[in-house]
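Encoded as structure tokens, the structure appears first; notes follow it.
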Amino acid sequence: MTIPFDQWPEWPQHSDRTRQKIEEVFQSNRWAISGYWTGEESMERKFAKAFADFNGVPYCVPTTSGSTALMLALEALGIGEGDEVIVPSLTWIATATAVLNVNALPVFVDVEEDTYCIDPQLIKSAITDKTKAIIPVHLFGSMANMDEISEIAQEHNLFVIEDCAQSHGSVWNGQRAGTIGDIGAFSCQQGKVLTAGEGGIIVTKNPRFFELIQQLRADSRVYCEDSSELMHGDMQLVKKGDIQGSNYCLSEFQSAILLDQLQELDDKNAIREKNAMFLNDALSKIDGIKVMKRPPQVSRQTYYGYVFRFDPVKFGGLNADQFCEILREKLNMGTFYLHPPYLPVHKNPLFCPWTKNRYLKSVRKTEAYWRGLHYPVSERASEQSIVIHHAILLAEPSHLSLLIDAVAELARKFCVTH
Ligand SMILES: Cc1ncc(COP(=O)(O)O)c(C=O)c1O
């Protein structure tokens, strides 16, 4: 049985409440934080407060994207020319390009086989006297081992920026993803569990970083201290100038959508988590399939993508692209919803720093340098695993059973010849 595409949950999702929130922006006539005071707090500031509360931290700054969130975090920490930053070799390219965008060198470290997050055991040997920070990425449906990473960072006096583009709401040892390191950076691009189409968010507990990040994202301006003294039509942003900024401000429309979407985040994450457990249970019983490990420190896991691994020997030598194609056809799912993991950054054709003139030569390097790197676990991941978009985890269990049946049928087919 195949299932019509429109019977799978789609992403993103909105309601009349979302439309109402956007309508409020039209009614206020303030479309940007650099617009004028209309007697009410900006949507951007309301969202920042709500997301800070959600994460249990004092400070939050929305930005234009997850990429700019990472870049501004690095800038606020003073990272730039001559510095090195450790990043996982398996991630979306933006983790590494953010480092290049401040003219520092991304130094790759391979990931763990069973979480696809940076392997803490391998971090130490990548540290040099130029290393300034580690960017662990909480990838797909796993969290990086923040206990070990924090310990290493402390020992070597390094900053930690958590890349939470894929992990809004996960909890490690009672702390939300993004609040364990010095700074957390989130993406709100269309595929993410909290989305406004595009957007980014930074959270921190450090008042100085907060002060700098605000300026970095609004041409060195900050919100004025006391808005009650403003007249309708006054600018709410005031000049500061401690650090050179640029414009990375989220619009009021995007902030309004995020305010709306945040209300449902924990509830939807809980449904995804329950269904991921259901899939884990069923798929792990199929010969040749392995599911990802969940460390005991994780009490809530957000799923940007649900991942399972397969043994190609038990599946007739199929690679991940072929495996996905069979499942997509059977389940009537598009490539947005079901695909192999990213190619590791050093092998990803989209990662080509040597083409960029504004990067320093010392970090731009050459095609031979980047393509010559080798990280075996990351390289295997893109060949032997499948990623299912989190929207599918919002489906009814009866629909999810079709997915399980499709994998089991494939396993049976190859089992005969194995
Ligand atoms: C792990 C990771 N880091 C960073 C980003 C960058 O976010 P954005 O696309 O909002 O710039 C993404 C987005 O896909 C991501 O998945």
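For ligands, and for the atoms within them, numbers begin at 1 and follow the listed sequence.
We find that Arg30 and Glu44 are not joined by a salt bridge, their nearest charged nitrogen and carboxylate oxygen being 4.0 Å or further apart.
Set against the non-hydrogen atoms of Thr91, the atoms of ligand 1 under 4.0 Å away are 1 (C). Per-residue contacts place Ala94 under 4.0 angstrom from the following atoms of ligand 1 (heavy atoms of the residue considered): 4 (C), 5 (C), 6 (C). Atoms of ligand 1 found under 4.0 Å from any heavy atom of Ser65 (numbered from 1 in listed order, with element): 10 (O), 11 (O). For ligand 1, the atoms sitting less than 4.0 Å from at least one non-hydrogen atom of Val137 are 1 (C), numbered in the order shown with element in parentheses. Ligand-side atoms of ligand 1 in range of Thr95: 3 (N), range being under 4.0 angstrom from any heavy atom.
The only member of Ser65, Ser187, Cys60 that meets side chain to side chain contact (heavy atoms under 4.5 Å, CB included) when paired with Ile201 is Cys60.
Looking at Gly191, Gly199, Gly66, Ala165, it is Ala165 that brings a heavy atom closest to atom 15 (C) of ligand 1. With distances taken over non-hydrogen atoms, the option nearest atom 13 (C) of ligand 1 out of Glu198, Lys192, Gln189 is Lys192.
Among protein heavy atoms, atom 16 (O) of ligand 1 sits closest to Gln166 NE2, 2.8 Å. Among protein heavy atoms, atom 3 (N) of ligand 1 sits closest to Asp163 OD2, 2.7 Å.
Taking the six-membered ring wherever Trp is involved, the centroid distance between the rings of Trp370 and Phe351 falls below 6.0 Å.
Between Phe308 and Tyr306, the ring planes lie tilted relative to each other; the angle falls in the 30° to 60° range. Note on ring orientation: taking the six-membered ring where Trp is involved, the planes of Phe108 and His346 are tilted (angle from 30° to 60°). Between His389 and Tyr304, the ring planes are perpendicular. Angles over 60° get that label, and only those under 30° would be called parallel.
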